[in-house]
Structure formats: C-alpha cells, structure tokens
Amino acid sequence: MTIIYFGGLLLAIFLRKKRKCSLLCAGVLAAGSLAALCIHGYNIRDSSHTALTEIARADKTGTEQNVILEAQAEDRKGDVSVVITPQRYSREELADISSRMWDELEGRIPGKNASLDYVTEDLYFPERVEGYPFFLKWYAEYGKPVRSDGRVDGGISTQGTLTEIRVEIRADDGEYAEERSFFVNVFPSGEADAFWRRLEERMKETEQESREGETYRLPGEFEGRELLFYPKRNDQSGVLFMLSLAGAAAVVSGERKDKEKRERERAAGMVSEYPEMVYRMAMLTGAGMTISGALRKIAGEYAAGKKEKRGGKNILYEELLVTCREMEAGVSEAAAYQNMSIRCGLPCVVKFTALLHRYTQSGAAGLKQALYEETGTALQERKERARRMGEEAGTKLLLPMTMMLLVVMAMIMMPAFASFGV
C-alpha cells in the first residue's frame with residue numbers, strides 16, 4: 001500500500017508543479033499504481049486462506065496445469081506441487097468422436113482424385129487430423145502401387161490395381177484404439193508428367209543401389225524409351241532484366257525525392273534568411289541609399305564575407321548577388337527584380353521584388369515604412385513556421401511514444417495477471 005501511496009504522491013507533485021511530465025511518464029506511473037493496487041486488493045481478498053477441497057480440471061480439449069499449493073498439517077506448513085490433467089474422454093465419447101473424424105476425413109483422402117474408385121494421383125494419409133485427439137497410422141498392401149504415406153508408384157496395370165488400405169486410429173492417451181479399412185482402385189496417370197514421375201522414382205532407387213561407386217550412371221532407357229540427359233541451363237536473363245527495370249525505377253524515384261528534398265531545404269533557407277535581408281534593406285534605404293545601391297551593398301558585403309570565409313552559403317543572398325550582376329551587365333532593374341522572383345519562386349520574395357519595382361518607378365518615399373511592415377510580417381511567418389515544425393515533430397514522436405507506453409504497461413501488468421492465475 002505504501003508503494004501505491006508513493007506513486008500517487010509522485011504523480012500529484014508532478015502535476016501540481018506543472019513540470020514538463022510527458023504522457024509516457026504519466027502513463028507508466030498510472031499503470032504501475034493500478035497494477036500494484038490490483039495485486040494488493042487480490043492479496044487482501046485472498047488473505048483468509050480458505051481451505052480448498054477440490055481443484056477444477058481443464059476440459060477435455062484443454063492442457064494439464066501445474067498447481068502450487070500452500071499446505072498446512074497442524075503446526076507445519078509447506079508448498080506442494082501437483083499436476084492436474086484435463087478430463088478424460090469415455091470410450092463411448094471417443095468412439096463417437098472417431099466416427100465424426102472419419103466422416104470428415106473420407107472426403108479428404110482422395111486428394112486430387114475424383115474418387116477412390118479411380119486413383120491416378122497421390123492420396124492424403126495424414127498422421128493427425130486437427131481438432132481430434134487421435135494418432136493415425138496407415139498400412140498398404142505389400143507389393144501394391146500405393147505406399148503407406150499415400151504416394152502412388154509407377155508400374156500400374158491399365159486395367160487398374162485394387163489395393164486395400166488399413167488405418168489404425170489410436171487415442172493420444174493410448175486407452176482407445178480401432179482399425180478401419182477401405183479399397184482404392186489405382187490406374188496409370190493420364191497426365192504428361194506421370195512418365196517423368198515414374199522415372200524419378202526409378203532413378204532414386206538405382207541411385208541408392210549404386211552408392212558405393214564413385215559416379216552415378218544415368219539410365220539409357222526406361223519403359224522401352226531411349227533417354228538422353230543434358231545439364232539444365234538456368235537462364236536468368238529475364239530476372240536480370242526485371243531487376244534492371246526495378247533498379248532504374250528506384251534511381252529515378254530516388255533522384256526525384258532528392259530533388260524535392262533539395263527544393264524544400266532551399267525554400268526553407270530562403271524563408272529563414274528573408275526577414276534579416278528585408279530589415280537590412282529597410283535600414284539602408286532609410287539612411288538615404290537608393291534601392292539599387294542598397295542591394296549592391298548587401299550583395300557586396302555577402303560576397304566579401306564569402307571570399308574571406310567568414311560565413312556559409314546563403315541561398316537568398318546568392319540570388320541577390322546574381323540580381324546585382326545582371327544589373328551591372330546592363331539588365332534593367334525591373335527585369336532583374338522579375339528574374340529574381342522567378343528564380344526564387346516564393347510568395348514573400350515575389351512581394352519583395354514587387355515593392356522594389358513599384359518604388360523604383362514612383363520614388364523611394366514610403367519604401368522604408370513598407371519594408372519595416374514586411375519585416376514584421378516575415379518575422380511572424382517565421383514564428384508560425386517554427387511552431388508548425390515543432391507540432392509536426394511532436395506528431396512524428398507520438399507513435400513511438402505510444403508503443404513504448406504499451407510495452408511498459410504490458411511489463412507492469414503481466415506480473416499482476418500472473419498473480420491472479422490468468
């Protein structure tokens with residue numbers, strides 16, 4: 001009881017202080033407390049130790065159970081173990097069950113054959129039938145074409161060969177046994193592979209007879225037909241071609257996924273760099289620089305820092321550098337801004353270049369305020385993006401955490417169920 005109280009107290013402390021207690025931690029504490037409470041309640045209920053006078057056996061289809069008892073002989077106590085076997089069938093019940101099993105088995109013995117009156121394929125002779133407490137042992141007439149395992153040999157007369165089959169049905173406990181018999185009429189198989197099956201059987205026999213020799217001599221004729229043998233060629237060209245197609249498809253799929261991943265990373269990088277770039281642009285234009293001059297200064301500082309290896313590669317600043325070089329090469333500012341928006345393909349960059357183009361034509365009045373507003377909007381969007389990424393990461397961790405919770409709960413609850421005898 002102390003353990004239960006301590007577990008509940010610990011859980012209450014975590015919840016009261018509003019610590020970052022995960023669902024897994026709370027679930028483990030709750031499951032452990034519940035299991036301990038169940039065991040404690042069971043032990044209290046069973047504390048009277050009511051003396052047993054009998055133990056229930058498993059039913060006739062059940063299994064034996066090993067029961068450990070606490071025995072008391074006046075002032076002496078000890079543990080004793082006894083194996084309780086399941087109930088036993090009576091002979092009348094076994095005979096009835098055997099009849100039902102035989103009725104079910106009669107329809108399965110022919111196997112692929114239409115009936116036992118015209119047998120050309122192997123028969124079905126099982127050692128056991130699922131759901132019945134019997135072991136079956138089959139016997140076939142010696143010298144006849146049917147074996148005790150149900151296989152049909154070659155050398156069969158075209159007129160058919162009548163063969164008696166006997167089966168001994170014995171209960172698992174050995175207390176009941178009976179024998180049944182039936183006849184099958186075996187004919188030569190009309191299928192094309194019957195000849196090759198008989199040849200295989202004959203070759204197996206001759207191979208066993210010649211095991212003392214260094215080589216096995218293949219037969220030159222069988223049933224009056226001349227035989228020629230060749231090594232079988234294993235043509236894997238079709239498999240290789242299909243593997244090549246699968247490999248090509250995998251390469252194309254992998255390249256497409258890599259491209260999509262690079263595009264996502266590129267877009268994420270530009271979105272992350274965008275607020276800082278817009279803010280710097282607002283500061284420079286507010287200080288009196290022209291739009292193109294501010295762009296050249298930002299791009300020049302980035303190029304100098306990259307040359308001196310003072311920073312890593314920034315995608316958005318690379319696009320600014322390309323835009324400045326286009327303007328130096330004679331491309332108009334409007335065309336350079338439009339090219340930048342097309343290369344980046346992000347709504348925020350399209351909006352930024354549209355602002356630059358509009359204020360280039362109408363003058364820089366109001367540009368500083370517009371850029372500051374755009375900076376605030378960009379920062380807010382970056383916060384929202386970070387929040388969404390955090391939620392997605394939490395969603396991805398939900399399944400593994402749930403599986404861990406189930407495993408831990410199972411580890412805790414199994415001893416509880418075991419103490420109940422479940």
Side-chain angles (χ1 to χ4, degrees), residues 252-303 305-306 311-396:
V252 172
S253 176
E255 289 180 349
R256 184 174 64 253
K257 289 181 179 179
D258 289 343
K259 182 180 178 181
E260 293 174 354
K261 182 180 178 181
R262 289 195 301 269
E263 290 177 352
R264 287 196 302 269
E265 292 176 349
R266 181 174 182 271
M270 286 192 290
V271 169
S272 177
E273 299 157 5
Y274 179 70
E276 179 187 353
M277 186 269 293
V278 176
Y279 180 74
R280 292 181 65 185
M281 190 72 184
M283 294 290 292
L284 292 174
T285 53
M289 294 187 68
T290 62
I291 294 175
S292 60
L295 286 177
R296 288 189 177 93
K297 181 172 179 58
I298 295 173
E301 290 178 354
Y302 168 73
K306 187 174 69 170
K313 184 177 181 180
N314 295 326
I315 305 299
L316 187 57
Y317 286 93
E318 288 287 338
E319 295 298 335
L320 276 180
L321 192 59
V322 172
T323 302
C324 292
R325 287 172 179 170
E326 285 182 347
M327 289 189 291
E328 291 173 358
V331 179
S332 64
E333 289 189 32
Y337 299 153
Q338 185 178 7
N339 293 340
M340 179 179 175
S341 65
I342 293 173
R343 288 194 306 270
C344 295
L346 293 176
C348 58
V349 179
V350 173
K351 183 178 179 181
F352 173 72
T353 55
L355 283 174
L356 298 183
H357 178 60
R358 185 177 69 185
Y359 284 100
T360 298
Q361 292 180 336
S362 62
L367 176 61
K368 178 181 177 182
Q369 183 62 31
L371 290 176
Y372 276 128
E373 291 177 359
E374 179 63 17
T375 301
T377 303
L379 288 173
Q380 187 64 30
E381 289 179 354
R382 187 163 70 175
K383 290 179 182 178
E384 290 295 324
R385 180 181 177 85
R387 182 181 60 81
R388 287 196 303 269
M389 292 177 64
E391 291 175 354
E392 291 174 0
T395 303
K396 292 178 181 178

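M340 places a side-chain heavy atom less than 4.5 Å from the side chain of L320. Side chains of R266 and E263 form no contact here, defined as non-hydrogen atoms less than 4.5 Å apart.
A pairwise comparison of heavy atoms in M327 and A336 identifies CG-CB, 3.6 Å as the closest pair. The two residues L316 and C344 make their nearest non-hydrogen contact at CD1-SG, 4.5 Å. P275 and L379 get closest at one heavy-atom pair: CB-CD2, 3.6 Å. When all heavy atoms of A378 and Y274 are compared, the closest pair comes out as CB-CD2, 3.5 Å.
Within the structure, ring pair (Phe, Tyr, Trp, His ring centres under 6.0 Å) pairs that include any residue of residues 313-335 comprise Y302-Y317 (at least two apart or interchain). Residue pairs meeting the side chain to side chain donor-acceptor pair (under 3.5 Å) criterion with at least one member in residues 340-358, sequence neighbours excluded, are E319-R343, T323-R343, E326-R343, K351-E374, H357-Q361.
Atom NZ of K261 is separated from atom CZ of R256 by 15.5 Å, given to the nearest 0.5 angstrom. Note that the CG atom of N314 and the CD atom of E273 stand 4.0 Å from one another [nearest 0.5 Å].
The residues E384 and R387 are annotated as salt-bridged, a charged nitrogen and a carboxylate oxygen being separated by less than 4.0 angstrom.
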Please tabulate, one pair per line, all N/O donor-acceptor pairs under 3.5 Å involving side-chain atoms of residues 278-292, not counting sequence neighbours.
residue	atom	partner	partner atom	Å
R280	NH2	E301	OE1	2.2
T285	OG1	M281	O	2.8
T285	OG1	A282	O	3.2
T290	OG1	G293	N	3.0
S292	OG	R296	NH1	3.4

### Query
So M277 and F352, side-chain contact (heavy atoms from CB on, under 4.5 Å) or not? Walk me through it.
CA-CA 10 Å; M277 186 269 293; F352 173 72; 3.7 Å; yes
### Message
The test is side-chain contact (heavy atoms from CB on, under 4.5 Å); show your working for Y337 and L295 and say whether it passes.
### Response
CA-CA 11 Å; Y337 299 153; L295 286 177; 3.4 Å; yes
